[in-house]
Structure formats: C-alpha cells, structure tokens
Amino acid sequence: MTVDTHKETMSFQAEVSQVLNLVIRSLYSNKEIFLRELVSNASDAAEKLRFEALTDDALYEEDPNLRIRVSVDKERRTVTISDNGIGMNRQEVTDTIGTIASSGTRKFLESLSGENAQDNQLIGQFGVGFYSAFIVADKVTLTTRRAGLGAEHGVRWESTGEGEYTIETLEKAGRGTDVTLHLREGEDEFLEGFRLRSIISKFSDHLSIPIEMLEELYGEDAEKNTPEWEQVNKGVALWMRNKSDISDEEHSAFYKHIAHDFEDPLAHVHTRVEGTNEYTSLLYIPARAPFDLWDRDQKHGVKLYVRRVFIMDEADKLMPHYMRFIKGVVDSDDLPLNVSREILQHDKKIDSIRNANVKRVLGMLEKMAKDEPEKYQKFWDEFGKVVKEGPAEDFANREKIAGLLRFATTKSEGKEQTVSLDTYIERMQEKQEKIYYITADTYAAAKRSPHLEIFNKKDVEVLLLTDRVDEWLVSQMTDYKGKHLQSVAKGQLDLGELDDKAAKEELEKVAEEHKGLLDRIKGVLGDSVEDVRVSNRLTDSPACLVVGDYDMSANLQRVLKQLGQEAPNVKSILEINPTHALVEKMDQEPDEDQFADMAQILFDQATLAEGGQLEDPAAFVHRLNKLMLNLAS
Ligand code: ADP
Ligand code: MG
C-alpha cells in the first residue's frame, strides 16, 4: 500500500464555507453547544469501535476501556477533546470533515437565505456537528488514527475555517481522535474547568461512555500531587435508568443529542418490556418538523441498540414511514449483536417491537389530543401531513389514526386544521348519513367552490381538503365509524334522507322540462364533456363540473400532472342550475352563435371555479369580450 504522506492544502466545498459562516454568525448566542457536538462525535466514534470490534477484537489494540477526555492548556489557550474510538484514515477525513454529503443538507442550505439565515432554529435542525468548533475557535487541529494494528498512520487536519484546510500524514501512537480548539480572543471562559464540567453534565450525562477531566487541585494538594483523570458525567445510558428518576431536563438533553434539535421535545414515551422479547424503548415527538421531513433519504430516526451497543440508525425498520418524525432509541436484550439490516427486515422480534411502539405512539397522541388539545394542535400543525399518510400505510391501525386526523371544514375558522372526524360526526345533521368532503388546490378554492352551495344552504358541514396528501388519504380511507366519506364533486349528488322526496321528484321534473336546453348545450360542447345535466348542488352559481363516482377527481388529475406523472383524461359532467337567471336567459336565446358562446363560457367558468385551467384561455377572453360589447351596445 502506498501512503500519501505529503502535506496538502485543500479547499472546502463551497457549501462548507457557507455552513461555517452561518454557524458562526447564528449560533453565537448558543456557543457552548460546540462541546456537545464534539463530545457527541467522540461518543459515536466509541460506539462504532465497539460495534466493529464485535467481529474483530484486534481493533481494541489491548486498550478496551473506551473513554473521552477533555483537557485545557491555559498557556496555549486550547481545549482538546480526545477519544479512543474508531478514528479515521486520510480518505475518511477528507470525505467527512471537508464535505457535506447528503443531498438533503445541500437542498436545505439552498433554501437558507435572507432572514432565514439568521434563524438558528433552522440551523439547529440541520445539525451543525463538527463545524460548531469554529464558533469559539479560530483554528482547529484534528489528529486521528483509525483503530486496528494495520492502520499505523495517523492524519492531521487543520483549518482556520476560512475556506481552506491542510491535511498531512503522521505517526500517532494511540488510536482515535483528538480535536484541539485554539480559542478565539475573548473565549477564555472555556479554559475554566468548572465551566466545562457544567456544560458536560448539562449535555452529556446520559452518554454511557465516561467523559474524563483532570481533577482540580488547590493549594498544598496542588504542590504535592499530580492530578488524576476523573469521570465527570453520570455515564449511564439514559434509557436504562428508572423512568421516575429521569428529569425533564435530562430528557431534553438526551433528545437534543439524538435529534440534533435545539428545542425541547413535545412528549416522550419510555417503556421497558420484559418476557420473551425484552427491550427498552424511549421515543420522542419533536416540537418542530425537521428540514428533511420530506427527504426520501432522511435517516436519523429511531436508533437500534443491542444490550447497550449501538447497532444502527434505521428509521424505516423500527417505525413506519408515516411516523418518520419520531426520534428515540430501542435497546433490545434478545437480538444478536451481529444483526444486519437484512436480518432486521424479516425479524419477528423487530416486527413485534415496531408494532408495539406504533401503538405506544398512537396512544400517546390520543392522550395528548384529549388532555392537552393545544399541544396536540401544535403537533398536528407540524406533522399532520405526515400522519395523513398513515391510514394508507398502516391498515391495522387505520381507525385509530383516522381518529387523530384534523381538518379545516366549512364550519371551522380559517384554514387551520382543527376538526376531528368525531367532532364532525357529533355535529352531523339529524338525517345526514355521510361525511362530506371537497378536495382542491387551495383553501380559497375549496371554501368558495360552487359544489358547497347546497351544503351551506342545508347547513351541512363539509371537510375542506387542500393538502396534496389528502387525495391519497380519501382514496384509501373510504369510511370512518361506519360512515362513508363522500366527495361533493363526484357522482349524482344524493343527499339521502337530507333531501325530502318532494325535492327528488322536483329535480326529475325540472330535468324533463329542460331536456331541450341540455341537448342544445351538449351539441355545443360535444366531446369536451361526458354529459350535461341538471344540478341539485347549486343555489347561486349557474354551473359546476363533477366527475363520476369512481373517476379520479379533477384535483388529483392536476396534482399528478404537476408532479409530472401520467393522469387519465377524465371527462367531466357539466351540471347546470336551471333556476339561475343566466341559464334561463340562455334557454330563451334564439341566436345559435350567441348561444354557443354562452354555453362555452358557462363551461369554462365552471372549470375556473374549481381551480382548473382552460385549454384555450384566449378564446375564453375573446368570447367574454364579445358578450360584454353586446351588453354595452
Ligand atoms: P454527524 O455527527 O451528524 O455525522 P459531524 O459534523 O458532527 O456530523 O461529523 C461528521 C463526520 O465526521 C462524522 O459522521 C464522522 O464520520 C466524522 N467524525 C467527526 N468526529 C469524529 C471522531 N471524533 N471520531 C471519528 N470520526 C469523527
Ligand atoms: Mg456529530
């Protein structure tokens, strides 16, 4: 093997410089987090070593006591965080320290601009990690050597955080990584032992790896003795402690460590299960959606441990996709330590842990919705769109998930989603049999849709569905508690018992009377419509479009097209309101050309009113102007 020993000066990726600037500017008020981030990396490195050593004992190099040490050099004004974990080789250093790998991170950075750039909450979610060192340091030196006796070469990386770094190969006796921070002017508080100790216990008590500092000796003691390393954190994995002994502050600190979040979690559930499948799980609901919630490669979720050994970060095995926002830890006593991703896919124990955890989270949410509705609303506003994927993904828990859903309706204030299906059912009209909904692109389009006219008149509540995922939701969830979910824009409107018999007979009569008009309109519109018929939905508008009961809604067709996907071209049915003055006027129109213009405009209007696009907008404008001129003359 040839070893690259020469010293190189390299440039950071453009994104890295950008992150560095953001980090330094935005996190200054929170600067002590650098220690949390660096200790957290050291702890990860120790866990990686422990994991790899399961199959290769030699990696311990006869030094199996994993620990992290924090030391200061007051003369040189440096703080050093050292670990004897897995370490890195030269390639790994360039790959991980000088680059930003995930595409999600890159996208996130692109979205950061202007005012956002000042928002340290956002940056916190992104997890600044190693770069946080530059908040307090104007130069960072990292020396590291990968574990294993074959890997005798160490690496030294150094940067002032100004666009470039140097990297060189050197000899390093001990395995693992030392990160030395050369403190900026004015940051001397971090040279004080008590300050560092208090930060460590605030952020890192829950780490199971011991964190050591040299004891502080005073007066005579200092002259007689050399200081020894002493452990400064509790050093017990948080989830293994007694539930009742863990304070909210400790939960917060632990949550922030695993979730890279700045905010406290909204809620947690901590369970120890004994018996044939023994495990502990500790799950958190964040207070805010992470920036990569919609990123398919998003990873950090629930971490798997086996008997306190970290095995992997793998959200999708331990939690279903619609619960990907859950953070936490599962620590199994029964799984083999060498469990692989492939085994996890099919493992019965994992399935049962996952099922039980899903039930726990649903239970926690139900309880929150009942006892702390404001908190639940906060949750819903952040994660509602994700939970809406649930009924389709998790058939077994469909009813439970449906009970957690919240919607805007024709009777709720504004577009906030606050109404549950149970509330809807409680408020149903005496003779109402179905749960009615409308889907549209925007709240305004839904709320003002002509399809709602008859429902408003009869004081029947309608769910206003305007999230993209809603179409998917209603296509999968057709019933709730025995009540059918019915689109107000599909099929022949049957209000069931809400309509008296007389009204139905009246509609048939009206249809018969207007047969001539309907045929004339059909003649004009030809192939652009499936049918033209008399409507019982409308009170104020002259016309609207509907599709068949089993056809794809016009809204979904639009969503699919926007996403660049194939959508069937479903023809709509034009429904007209025979009592509308405009329609009555059309019926009297002797001039066929004039009539054709009116019929075409009626159809185009109906398309616009439901948020659709005209195939030939210029023709629409032309016709409208013609009619206006007629009016004026
Ligand atoms: P994250 O910890 O979220 O991956 P960081 O910026 O904190 O992001 O660290 C980036 C990467 O650098 C880590 O994933 C790891 O591969 C490497 N790294 C950082 N510190 C250490 C360390 N002390 N020992 C080994 N590898 C480290
Ligand atoms: Mg990190």
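Counting starts at 1 for both ligands and their atoms, following the listed order.
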Review point. Can you check whether Val72 reaches Phe190 side chain to side chain, under 4.5 Å on heavy atoms?
Key: no
Check your understanding: For atom 15 (C) of ligand 1, which candidate among Glu92, Lys48, Glu37 provides the closest heavy atom?
Key -> Lys48
Check your understanding: What are the protein N/O/S atoms, named by residue and atom, that sit under 2.8 Å from the Mg ion (ligand 2)?
Key -> Asn41 OD1
Check your understanding: Does ligand 1 have a heavy atom under 4.0 Å from the side chain of Met88, from its backbone, from both, or from neither?
Key -> side chain
Point to revise | Any residue meeting ring pair (Phe, Tyr, Trp, His ring centres under 6.0 Å) with His270, in chain and number order, not counting sequence neighbours | key: none
Point to revise | Candidate with minimal heavy-atom separation from atom 22 (C) of ligand 1, of Ile68, Thr177, Asp178 | key: Thr177
Point to revise | Contact partition for Asp83 relative to ligand 1, non-hydrogen atoms under 4.0 Å | key: side chain
Review point. Should the pair Tyr131 and Phe12 be assigned to parallel (<30°), tilted (30 to 60°) or perpendicular (>60°) ring geometry?
Key: perpendicular
Point to revise | Nearest heavy-atom neighbours spanning Lys202 and Ala253 | key: O-CB, 3.3 Å
Exercise for review: Please work out which of Asp44, Ile81, Thr96 has its closest non-hydrogen atom nearest to atom 10 (C) of ligand 1.
Suggested key: Thr96
Point to revise | side-chain contact (heavy atoms from CB on, under 4.5 Å) against Ser352, all qualifying residues, sequence neighbours excluded | key: Asn277
Exercise for review: Tell me, please, which residues at least two apart from Glu382 pass side-chain hydrogen bond (donor to acceptor under 3.5 Å, both in side chains).
Suggested key: none
Revision key, fill the gap. For Phe130, the atoms of ligand 1 under 4.0 Å from one of its heavy atoms are 5 (P), 6 (O), 7 (O)
Review point. Quick one: which of Thr177, Asp178, Thr143, Thr180 gives a side-chain hydrogen bond (donor to acceptor under 3.5 Å, both in side chains) with Ser82?
Key: Asp178
Practice item. Give the intermediate values and the outcome of side chain to side chain contact (heavy atoms under 4.5 Å, CB included) for residues His182 and Thr141. Key: CA-CA 8 Å; His182 306 262; Thr141 312; 3.0 Å; yes
Practice item. Under 4.0 Å from a heavy atom of Ile97: give me the atoms of ligand 1 that qualify, with their elements. Key: 12 (O)
**Study point:** Parallel, tilted or perpendicular: rings of Phe254 and His257 (30°, 60°)
**Key:** tilted
Exercise for review: Could you tell me whether Thr144 approaches ligand 1 through its side chain, its backbone, both or neither, with non-hydrogen atoms closer than 4.0 Å?
Suggested key: neither
**Study point:** Worked check of side chain to side chain contact (heavy atoms under 4.5 Å, CB included) between Ser43 and Ile209
**Key:** CA-CA 7 Å; Ser43 157; Ile209 311 280; 4.2 Å; yes
